[in-house]
Structures are given as C-alpha cells and as structure tokens.
Amino acid sequence: MDKIIKRISFFGIAILLIFTIFSLVRIHRIQNERRSEIDVLQSRDNFQEPLVRDGKVLLRLANNQGPSHPASKACDYFAELVKERTDGRVEILNYHSGQLGDEKDVISQVMYGGIDLARVSIALLAEYEPELIVLQMPYLYENADHMWNVLDSEIGNRYLKSMRDVGVEGLCWYDAGARNFYTTEQNIHNAEDLKNLKIRVQESFFWSDVIKTLGAEPVEIPYNKVQQALKYGEIDGAENNFSSYIGMGHHMYAKNIVMDEHVRIPEMIIMNQSVLEQLSKVDQEILYQAAQESSVWQRRLWEEQEEVTIKTLEKSGVNITRIENKQDFIDQVQPIYDTYGKGYKSLFAQIQELKGK
Ligand code: GCU
C-alpha cells in the first residue's frame, strides 16, 4: 500500500514539475515575443519610420466608425488592394471603432507618427489646417454630386496636398453625407426652433461658432460619448449624418430628426508624410492609387447605405421632418460667411460654378 502511495506521489510530483517547466518556457517565450515587439517599436526613429516586421511593412490605420460602416468597409478594401498589389510587402492593419483613440488624438498621432494612417472628418483636421473650413461651410453644396465635383477637381487636389504643411499626406476623400439636427424633445421645423438648445458639436471651434450663430448652445463632445450625453439629458440634441445617427444609437434617445442638411463634411485618409516617403516609389504609387479606388468604391456604398438607413429609421418610429424651404437657416448662417469666408470670394465662386456639372 505504502509503495503505491509513494509511486502515486512520485508521478504527481513529476507531472507537476513537467507542467511547471512547460509553463515557465511558455511565459519566457511570450515575454520574448513582447520584448521583440517593443524593440521593433522603439527602434523606430521618433516613430517617423514605418514598422518593419519579417521584411514586411505594417501600417496602422485608425478609424472611429464600426466595422459595418461604409467608411470602415472602404478602409478594409483599401488595405486589401494594397496587400494584393504589393504582394504582401505592405500591410495596412485597420483599427475600427475608435480602438486607437478619439479622432482628435488620432490626428495628432498621425502628425507625430505614432499612428501611420487615419480616416478622419475634416471638421477636426481644420483645427490644424484652417483653410479646410472653406470645404465645410454650411449650405455650401447643392447636393452630393456638387461636393464630389469640387473634391475631384483641382480644388480638392490642392486641399489634399495642403496637408503637407502639417506633416501629413492627404491620400483621398470619403463621403460622409449630409448632416442633420436631431433632438430628444423639441421637434425642429425652422431655424428659430434651435434657439437655446444644447447641441453637441464635433471638437471644432468653427462648428461651435456655427451653432452659436444659429442661436443654440454648442457642446463639444467626442463622437463615442454622444449617445450617453443624449441618454442622460446633458444635451438636447446633436447633428450628424444618417449612418452615424443610427450606427451610434443616437436615434434611440433623440427620436426627432430634421433633414435640414446643413452641411456635407468630407472625410480624408491621412498618412504620416515621413512614413509614406520612406516606402519605395512603387509602393507609394500603389498606396495613392488604392486609396483613390477605395474612395470611388466608398461613395457608391455610401449612397446605397444611406437610402437603406433612411427606410430603416422610418420603420423604427423615428420622426423625420423634411423641409422644403431652408432659406431661414441659410440666412441665419450668413455671418459665418462674412467672418470665415473673407478672402475666399473667388474660391466660393469657383465652387458655385461646379454645381450641376
Ligand atoms: C462623422 C464622421 C466621424 C466623426 C463624427 C462626429 O460620423 O464620420 O469621423 O467623428 O461625424 O460627429 O464626431
């Protein structure tokens, strides 16, 4: 009996020992992997160099929309094209849903090189490149085609290139539709109805000013905190496109939406310039081309998805107000043109000429 007990304990101890050795080896291996990851990251000169792993360039792209959003799908498409055309030499790793931080932080990270690429709203980019305000003036474009005529023209290209002033390369434009006001209680029929309402805006001095000019009180809140602010009554409403209104669940708490379409704010794929320039000329060209193709693909997807979203919202009991005459809104924002539009008269004239082309 004693012998059996001894044998069992011997085997027990042996198994425990083998298990402990196995775990220690595993921990050591994981630690080594982590260390080499950190080494590679730290070996980047001030992050202004691409991250190279096993001879492959890895680029991180930040985006604050969920995976099924048209912009996210287009970023995935962009990544696929790049991987395929570079035969896997360059790989774009997409981080959707704001995993790499708020849009504001992400933009400064792309400038610094901590993040290689991002898909961002130009509302926030204008904090660094104020001339971008021209492209997001309220009631500037007649419709999406008008905006695309501008973005696809020399004007759009000039703006993409102007991002070099702040150390990033604008690779292409994405569509973000028209933005509308939505509220938890008060239904909006005209500009007067916005008076004194607390309205969430993007973290943008310009948009805070537009909201003030409309008589409402702007509250700057990061994108991922808006639903909570609506839920807990910290704000009376917000403004965004249909995809974000439903995608971020704002429609659950702000059931009144007015299609005043006060602005179309285009979006850009930006890339740290130094990281881009360190790629081979061939790979740089592939990146530009793939970004352009993803832009064309994205705008089609946007259009299809927007129609479906409006129908879904109508069925879900959201109260959608359509307004025939937006003149009172347009009149109300005139001071914005007087202040911010000064010095851009001829540019505005060129933009107006691209209507209905
Ligand atoms: C749009 C845009 C986002 C932006 C958001 C906002 O949905 O796609 O990039 O962050 O507006 O209102 O903050």
Side-chain angles (χ1 to χ4, degrees), residues 61-76 78 94-110 115 117-129 132 135-136 138 144 147 151 168 170-183 198-208 210-211 216 218-230 234-235 237-251 253-254 257 260-270 294-295 298-299 301-303 305-306 309-310 313:
L61 189 154
N63 158 43
N64 69 357
Q65 302 289 11
S68 60
H69 189 280
S72 312
K73 287 188 181 164
C75 290
D76 292 341
F78 172 41
N94 272 309
Y95 291 83
H96 300 316
S97 311
Q99 287 174 73
L100 299 186
D102 288 344
E103 212 163 41
K104 192 175 168 188
D105 300 334
V106 159
I107 292 172
S108 56
Q109 279 297 318
V110 174
I115 296 174
L117 293 132
R119 192 277 323 148
V120 292
S121 164
I122 66 161
L124 274 80
L125 269 187
E127 302 286 298
Y128 298 93
E129 188 60 12
L132 279 170
L135 296 184
Q136 53 180 302
M147 179 187 80
L151 300 180
V168 303
L171 296 184
C172 69
W173 301 102
Y174 277 4
D175 204 335
R179 291 173 82 103
N180 299 306
F181 288 107
Y182 40 86
T183 45
K198 277 191 183 167
I199 301 290
R200 177 268 170 174
V201 282
Q202 290 173 272
E203 291 151 292
S204 144
F205 67 90
F206 173 70
W207 275 96
S208 283
V210 176
I211 296 300
V219 185
E220 294 188 12
I221 302 178
Y223 188 45
N224 64 351
K225 306 243 161 51
V226 182
Q227 193 202 37
Q228 291 292 301
L230 288 167
E234 289 159 25
I235 47 177
E239 52 81 55
N240 219 312
N241 54 49
F242 277 111
S243 275
S244 297
Y245 176 55
I246 195 168
M248 298 300 279
H250 299 175
H251 69 302
Y253 304 102
I257 182 161
D260 71 295
E261 305 189 324
H262 52 273
V263 69
R264 290 180 180 273
I265 306 186
E267 317 201 321
M268 223 189 251
I269 299 270
I270 53 169
S294 77
S295 159
Q298 191 268 349
R299 57 184 98 160
L301 192 63
W302 180 272
E303 216 181 309
Q305 196 139 328
E306 194 165 54
T309 306
I310 295 176
L313 283 168

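In listed order, ligands and their atoms are each counted from 1. Side chains included, hydrogens not; waters and symmetry mates left out as well; all remaining heavy atoms used.
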Under 3.5 Å side-chain donor-acceptor pair for Ser121 and Tyr223: no
All salt bridge (charged side-chain N to carboxylate O under 4.0 Å, His left out) counterparts of Glu129, not counting sequence neighbours: none
Donor-acceptor under 3.5 Å (Asn94 side chain, Ser72 main chain): no
If you look only at distance, which donor and acceptor atoms sit under 3.5 Å apart when one is on a side chain in residues 95-102 and the other is two or more places apart or in another chain?
from	atom 1	to	atom 2	distance (Å)
His96	ND1	Asn63	ND2	2.9
His96	NE2	Asp76	OD1	2.9
Gln99	NE2	His96	O	3.0

Considering all heavy atoms, the nearest Trp302-Ala176 contact: CZ2-C, 3.3 Å
Under the salt bridge (charged side-chain N to carboxylate O under 4.0 Å, His left out) test, residues paired with Arg264 that sit two or more places apart: none
Ligand 1: protein residues within heavy-atom distance under 4.0 Å: Asn64, Gln65, Glu103, Arg119, Ser121, Arg179, Arg200, Gln202, Tyr223, Asn240, Asn241, Ser244, Glu267
